[in-house]
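Worksheet: the structure to be examined is printed underneath.
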2 protein chains.
Amino acid sequence: MKQSSLCPLVEKGIQVLSKRWTVLIVHQLLSGPQRFCTIETAIPISGRLLSERLKDLEQEGIVHREVYPETPVRIVYSLTDKGLALAPVIREMENWSREWVKIDPDEHETL
Amino acid sequence: MKQSSLCPLVEKGIQVLSKRWTVLIVHQLLSGPQRFCTIETAIPISGRLLSERLKDLEQEGIVHREVYPETPVRIVYSLTDKGLALAPVIREMENWSREWVKIDPDEHETL
DNA sequence: TAAGTTAATTACTTTTCGTAACAAAGTTTA
DNA sequence: TAAACTTTGTTACGAAAAGTAATTAACTTA
C-alpha cells in the first residue's frame, strides 16, 4: 500500500462507491423508499450481503432505516440527502452503460 | 443469486464500475496516458492487483496497452473512447465526494 | 560478471463473498 | 396449546478475491 496524491475526499468517495453492491442498492432506492425483501428481489444479492451493505450505507449516512414494529416487523429503507445526491452519478453510469456496454453472449446468466 | 428486473446493460455497466480499483485507475488515466509504475505510484494499489485490473480493463475495451520494447521495457496505458466516455461519471463522483464525503478522524492512513 | 531497470507472475496469508441453515418475535392455523 | 408462517437478520463454512513479498525475463550499465 502506498499513499496517493489524489484528493482524500475524492479517493474516499470513490472507494465507498466502488464497494460491491453499493451502487446497485442506491440505484434501486432511487425508485423510492422500500423494504428489505423488495430490494432483495430486485437485485441479485444474497440476504446476508444486503444486510451487511445496508448497515454500511446507514453508517455512511447514505441510507436511512425506519422500523415499523408490526407483525411481522416491517423495515423501510430510504435515501438520505447524501444518498439522493448520488442521482447524477448513477444517471451518468446509466448513460455510459447504454451507450458503451455490450453483453458478451458467452456470459449468459440463466434468466 | 436471483435475477434482476433492471436493464441488463445498466446492471453489467454498474458491476464493471463497482469492481475494486477500476474507477480509481480510470480516474488516474483521465489525466493522460501513462505507464505502469506511474499509476502504481499514484494509487494505493499493489502491482499484482494493478496488473490484473489493467488486464481486465483492456479486456473490457476501456484501456489500451502499448508496448515500447526499449530497455527496460516501457508500457504505456491509455483510455479508449469507451474509457474516455467515463469522464462524466467520474466528474459526478468528484462533485459528490467534495460536497458530501467527510473524513472520519479515526481512519487516518499514515500519510 | 554482477547489479540495476520495468512489467508481470508466483506463492502464501488474510479478507470478503456466496450459500444455506437457523433465530427472534409475534400471528394465524390446526 | 402447539405447530406453522412471516420478515429481518445472524451464524457457520467453503470459495473467491485481495494484500504482501519474493521472483522472473530481458536487456543495459558498471
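By convention in this document, chain letters (A, B, ...) are assigned in the order of the sequence lines, proteins followed by strands, and residues within each chain are numbered from 1. Predicted model only: the values in this text are computed from it and were never measured.
Considering all non-hydrogen atoms of both residues, A:Gly13 and B:Val101 come closest at CA-CG2, 3.8 Å. Taking all atoms of both residues into account, the shortest heavy-atom contact from A:Val67 to A:Pro69 is O-CD, 3.6 Å. Between A:Ser97 and B:Ile14 the shortest heavy-atom distance is OG-N, 4.2 Å.
Panel note: side chain B:Ser51, backbone B:Gly47; no donor-acceptor pair is recorded below 3.5 Å. Formation of a donor-acceptor pair under 3.5 Å by the B:Lys12 side chain with backbone atoms of A:Ile103 is not found in this model. Side-chain atoms of B:Thr41 come within 3.5 Å of backbone N or O of B:Cys37 as a donor-acceptor pair.
When the side-chain nitrogen and oxygen atoms of A:Trp21 are compared with OP1 and OP2 of C:dG18, one or more of them lie within a distance under 4.0 Å. The side chain of B:Lys55 places an N or O atom within less than 4.0 Å of a non-bridging phosphate oxygen (OP1 or OP2) of C:dT9. Distances shown here put every side-chain N or O of B:Arg74 at or beyond 4.0 Å from the OP1 or OP2 atom of C:dT5.
To the nearest angstrom, P of C:dG18 lies 13 Å from CD of A:Glu40. Atom CG of A:Leu54 is separated from atom P of D:dT10 by 11 Å (rounded to the nearest Å). Between the CG atom of A:Leu50 and the P atom of D:dT8 there is a distance of 10 Å, given to the nearest Å. Taking atom CD1 on B:Ile45 and atom C1' on D:dA17, their separation rounds to 12 Å, with Å as the unit. Rounded to whole Å, the distance from CG on B:Leu49 to P on C:dT15 is 15 Å. Residue B:Ile25 contributes atom CD1, which lies 13 Å from atom C1' of D:dA18 at whole-angstrom precision. When the C1' atom of D:dG9 is taken as reference, atom CG of A:Asp56 falls 14 Å away, rounded to whole Å. Here D:dA26 presents its P atom at 13 Å from CD1 of B:Ile75, a figure rounded to the nearest Å.
Between the two ends of the helix from C:dT1-D:dA30 to C:dA30-D:dT1, each summarised by a five-pair axis, the helix axis turns through 30° (rounded to 10 degrees).
Taking the side chain as every heavy atom from C-beta outward, A:Pro44 and A:Trp21 approach each other to under 4.5 Å.
Scored by the side-chain contact (heavy atoms from CB on, under 4.5 Å) test, B:Glu66 finds B:His64, B:Tyr68 as partners (sequence neighbours excluded). Residues forming a side-chain contact (heavy atoms from CB on, under 4.5 Å) with A:Leu50 (at least two apart in sequence, or on another chain): A:Ile25, A:Phe36, A:Ile39, A:Glu40, A:Ile45, A:Leu54. For B:Lys55, there are no side-chain contact (heavy atoms from CB on, under 4.5 Å) partners at least two apart in sequence or on another chain. Listed by chain and number, the residues in a salt bridge (Lys or Arg N to Asp or Glu O under 4.0 Å) with B:Glu99 amount to none (sequence neighbours excluded).
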Please write out the pairs of protein N or O atoms and N or O atoms of nucleotides 26-30 of chain C separated by less than 3.5 Å, giving the distance to one decimal.
unit_1 : atom_1 : unit_2  : atom_2 : d
C:dG26 : O3'    : A:Thr71 : OG1    : 3.1

Distances for protein N/O vs nucleotides 11-15 of chain D N/O pairs under 3.5 angstrom?
unit_1 : atom_1 : unit_2  : atom_2 : d
D:dA12 : N6     : A:Arg48 : NE     : 3.2

Can you give me the N/O atom pairs linking the protein to nucleotides 2-4 of chain D at distances under 3.5 Å, or say none if there are none?
none

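You'll find that the side chain of B:Arg20 is closest to D:dG19, out of C:dA8, C:dG18, D:dG19. In this structure, the nucleotide among D:dG9, C:dA8, D:dT7 sitting nearest to the side chain of B:Ser51 is C:dA8.
Listed by first and then second residue, the salt bridge (charged side-chain N to carboxylate O under 4.0 Å, His left out) pairs involving residues 43-53 of chain A are A:Arg48-A:Glu52, A:Arg53-A:Asp56 (not counting sequence neighbours).
Atoms CG and CG, from B:Leu29 and B:Leu24 in turn, are 11.0 Å apart once rounded to the nearest 0.5 Å.
Note on A:Lys19: nothing from the nucleic acid sits closer than 4.0 angstrom, heavy atoms only. Across all strands, A:Tyr77 comes closer than 4.0 Å only to sugar-phosphate atoms, never to a base (heavy-atom distances).
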For the pair B:Ser18 and A:Lys19, evaluate side chain to side chain contact (heavy atoms under 4.5 Å, CB included) and give the outcome as yes or no after the intermediate values.
CA-CA 6 Å; B:Ser18 292; A:Lys19 200 156 186 179; over 6 Å; no

Check the pair A:Gln28, B:Leu6 against side chain to side chain contact (heavy atoms under 4.5 Å, CB included), reporting the backbone distance first and the verdict last.
CA-CA 9 Å; A:Gln28 178 63 26; B:Leu6 173 62; over 6 Å; no

Output, in order, the C-alpha distance, side-chain angles, deciding distance and verdict of side chain to side chain contact (heavy atoms under 4.5 Å, CB included) for B:Glu11 and B:Gln15.
CA-CA 6 Å; B:Glu11 184 181 335; B:Gln15 299 276 24; 3.9 Å; yes

Hey, can you pull the donor-acceptor pairs under 3.5 Å for the side chains in residues 72-95 of chain B, sequence neighbours left out?
unit_1  : atom_1 : unit_2  : atom_2 : d
B:Arg74 : NE     : B:Glu70 : OE1    : 3.1
B:Arg74 : NE     : B:Glu70 : OE2    : 3.4
B:Arg74 : NH2    : B:Glu70 : OE2    : 2.8
B:Tyr77 : OH     : B:Arg65 : NE     : 3.3
B:Thr80 : OG1    : B:Gly61 : O      : 2.6
B:Thr80 : OG1    : B:Ile62 : O      : 3.1
B:Thr80 : OG1    : B:Lys82 : N      : 3.3
B:Thr80 : OG1    : B:Gly83 : N      : 3.2
B:Lys82 : NZ     : B:Glu60 : O      : 2.8
B:Glu94 : OE2    : B:His27 : NE2    : 2.9

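Proximity of residues 32-39 of chain B to DNA chain D (heavy atom under 4.0 angstrom from any strand atom) is not detected for any residue.
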